[in-house]
Amino acid sequence: MQSGGAFSLSETEAVYRAIRERRDVRSGFLPDAVEEAVLLRLLRAAHCAPSVGLMQPARFIVVRSHETRSAVHQLFLEANRAAAAAYHDEQQELYRSLRLEGLLQAPLHLCVVCDETSTQGHGLGRHTMPQTSIYSTVCAIQNLWLAARAEGIGVGWVSILDPAALKNLLHVPPEMELIAWLCLGYVEQFAPLPDLERDGWEQRRPLASLLRSEFFDRPYPVTEEEL
Ligand SMILES: Cc1cc2c(cc1C)N(C[C@H](O)[C@H](O)[C@H](O)COP(=O)(O)O)c1[nH]c(=O)[nH]c(=O)c1N2
């Protein structure tokens with residue numbers, strides 16, 4: 001069926017391509033600045049995201065200064081030391097070998113916070129699920145991540161950071177929820193696989209194994225080859 005609202009074939013392919021080829025990028029950032037006009041396009045893409053009750057709770061702090069990036073890198077080093085200590089033996093060795101941030105290399109950074117106190121949307125959709133404000137903020141991040149891929153800009157999400165320390169550093173009011181620290185920059189190329197898969201930390205699961213039919217305990221009748 002061809003819906004009246006469908007994109008052309010090439011436009012549709014471009015959307016799927018951005019989704020397929022988006023990567024979490026932590027290395028290989030080029031030093032070239034991300035132009036203001038491009039940044040604003042990415043932020044507009046984020047701002048188009050769905051949000052519970054049209055709450056639009058995402059707030060974006062643009063960070064370019066070396067000083068702030070270095071301070072965040074220090075926070076990463078502390079948090080990463082603690083995270084590494086939670087693993088043992090070979091897994092700890094592998095963890096320590098992973099590249100988990102691009103904080104000093106990426107020229108542009110975004111801190112994304114969720115304003116849980118906002119009354120925009122009048123609570124619609126949040127009476128039963130208040131956490132949907134956070135989901136909405138993450139939807140905005142994903143929009144930005146996909147738009148960045150189309151622009152040739154890599155994005156790396158760093159969560160190995162103490163949220164309280166980060167909020168303190170950036171003067172984020174205590175009632176706001178820290179959602180993400182994103183490193184952005186042009187890259188020469190995007191890796192074909194997630195870094196964590198390439199480095200032997202984790203494998204992607206086949207989609208067929210995640211699908212259910214009608215009930216959670218009933219598998220969906222499709223094979224991986226059909227997907
Ligand atoms: C909420 C959240 C938080 C993080 C991430 C992602 C998300 C969604 N990812 C990136 C993650 O490792 C990556 O998305 C997966 O490995 C899949 O790779 P691709 O994104 O497909 O390249 C991530 N990666 C990393 O190296 N350090 C980190 O702190 C985080 N934190």
Side-chain angles (χ1 to χ4, degrees), residues 15-29 42 45-46 49-50 57-60 63 69 71-87 91-106 108-114 131-167 169-170 176-207 209-210 227:
V15 172
Y16 282 117
R17 182 178 169 205
I19 293 168
R20 239 182 3 251
E21 297 184 12
R22 179 211 52 77
R23 285 271 77 81
D24 178 66
V25 178
R26 282 155 275 168
S27 56
F29 288 108
L42 299 184
R59 309 286 180 262
F60 305 89
V63 174
R69 286 158 45 200
V72 174
H73 187 242
Q74 284 307 314
L75 293 181
F76 166 80
L77 291 176
E78 282 165 35
N80 202 39
R81 258 194 300 276
Y87 299 104
Q91 200 179 24
Q92 187 180 71
E93 218 170 286
L94 178 57
Y95 181 88
R96 288 188 198 281
S97 74
L98 298 171
R99 178 77 199 261
L100 298 174
E101 51 76 36
L103 289 158
L104 296 179
Q105 226 189 1
L108 172 65
H109 295 224
L110 287 176
C111 181
V112 187
V113 301
C114 174
Q131 68 274 32
T132 44
S133 53
I134 290 174
Y135 302 162
S136 303
T137 306
V138 176
C139 287
I141 294 170
Q142 180 69 352
N143 266 16
L144 181 143
W145 211 337
L146 293 172
R149 174 61 189 91
E151 299 268 9
I153 294 170
V155 176
W157 186 325
V158 185
S159 54
I160 307 166
L161 293 165
D162 173 6
L166 196 51
K167 281 167 67 172
L169 180 74
L170 299 176
M176 305 261 167
E177 185 84 27
L178 191 118
I179 307 298
W181 185 274
L182 305 174
C183 303
L184 288 85
Y186 288 102
V187 288
E188 234 154 55
Q189 55 179 20
F190 288 83
L193 293 177
D195 286 3
L196 292 183
E197 192 165 19
R198 182 201 59 202
D199 297 337
W201 180 260
E202 192 50 279
Q203 295 294 308
R204 280 175 292 181
R205 285 177 66 159
L207 174 58
S209 72
L210 307 174
L227 286 167

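Order of appearance sets the numbers: ligands from 1, and atoms from 1 within every ligand.
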Review point. Got a donor-acceptor contact below 3.5 angstrom from the His109 side chain to the Leu103 backbone?
Key: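 Yes; at least one donor-acceptor contact below 3.5 Å.
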Just distances here: any N/O of [X] and N/O of ligand 1 closer than 3.5 Å?
{"X": "Arg99", "answer": "no"}
{"X": "Arg22", "answer": "yes"}
{"X": "Glu101", "answer": "no"}
{"X": "Ser159", "answer": "yes"}

Point to revise | Beyond-backbone contact of Leu178 with Cys111, side-chain heavy atoms, under 4.5 angstrom | key: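 Touching, per the 4.5 Å side-chain cut-off.
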Check your understanding: Looking at side-chain heavy atoms only, is the closest gap between Val72 and Val158 below 4.5 Å?
Key ->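 They are not in contact (no side-chain heavy atoms under 4.5 Å apart), so the answer is no.
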Check your understanding: Is Arg204 in contact with ligand 1, taking contact as a heavy-atom separation below 4.0 Å?
Key ->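 No.
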Point to revise | Verdict with reasoning, Ile179 to Ile134, per side-chain contact (heavy atoms from CB on, under 4.5 Å) | key: CA-CA 8 Å; Ile179 307 298; Ile134 290 174; 3.9 Å; yes
Closest protein heavy atom to [atom], given as residue, atom name and distance to 0.1 Å:
{"atom": "atom 26 (O) of ligand 1", "result": "Arg26 NH1, 2.6 Å"}
{"atom": "atom 17 (C) of ligand 1", "result": "Pro194 CB, 3.9 Å"}
{"atom": "atom 19 (P) of ligand 1", "result": "Asp24 N, 3.6 Å"}
{"atom": "atom 23 (C) of ligand 1", "result": "Trp157 O, 3.1 Å"}
{"atom": "atom 21 (O) of ligand 1", "result": "Arg23 NH2, 2.8 Å"}

Review point. Hey, which atoms in ligand 1 end up nearer than 4.0 Å to a heavy atom of Val158?
Key: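 In order of numbering, the contacting atoms are 28 (C), 29 (O).
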Exercise for review: Nearest 0.5 Å please: distance from the CE atom of Met176 over to the NZ atom of Lys167.
Suggested key: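 Here the interatomic distance stands at 9.0 Å.
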Review point. Taking the inter-plane angle between the rings of Trp157 and Trp145 on a 0 to 90° scale, is it parallel (under 30°), tilted (30 to 60°) or perpendicular (over 60°)?
Key: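 Because their plane-to-plane angle lies in the 30° to 60° range, the rings of Trp157 and Trp145 count as tilted.
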Exercise for review: Kindly identify the option in Leu196, Leu98, Val25, Leu100 whose heavy atom sits closest to atom 27 (N) of ligand 1.
Suggested key: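 Nearest heavy atom to atom 27 (N) of ligand 1 lies in Leu100.
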Practice item. From the options Glu151, Arg22, Glu21, select the one residue that forms a side chain to side chain contact (heavy atoms under 4.5 Å, CB included) with Leu146. Key: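 Result for side chain to side chain contact (heavy atoms under 4.5 Å, CB included) with Leu146: Arg22.
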Check your understanding: Does atom 15 (C) of ligand 1 have a protein heavy-atom neighbour under 4.0 Å away?
Key ->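 It does not: no protein heavy atom is found less than 4.0 Å away from atom 15 (C) of ligand 1.
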Point to revise | Nearest atoms (heavy-atom pairs only) where Arg204 meets Pro194 | key: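 Heavy atoms only, the tightest pair is CZ-CD, 3.5 Å.
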Practice item. Taking atom CZ of Arg17 as the centre, report whether more than 12 heavy atoms of other residues, nucleotides or ligands fall under 6.0 Å from it. Key: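 Not buried by this count: 12 neighbours or fewer within 6.0 Å.
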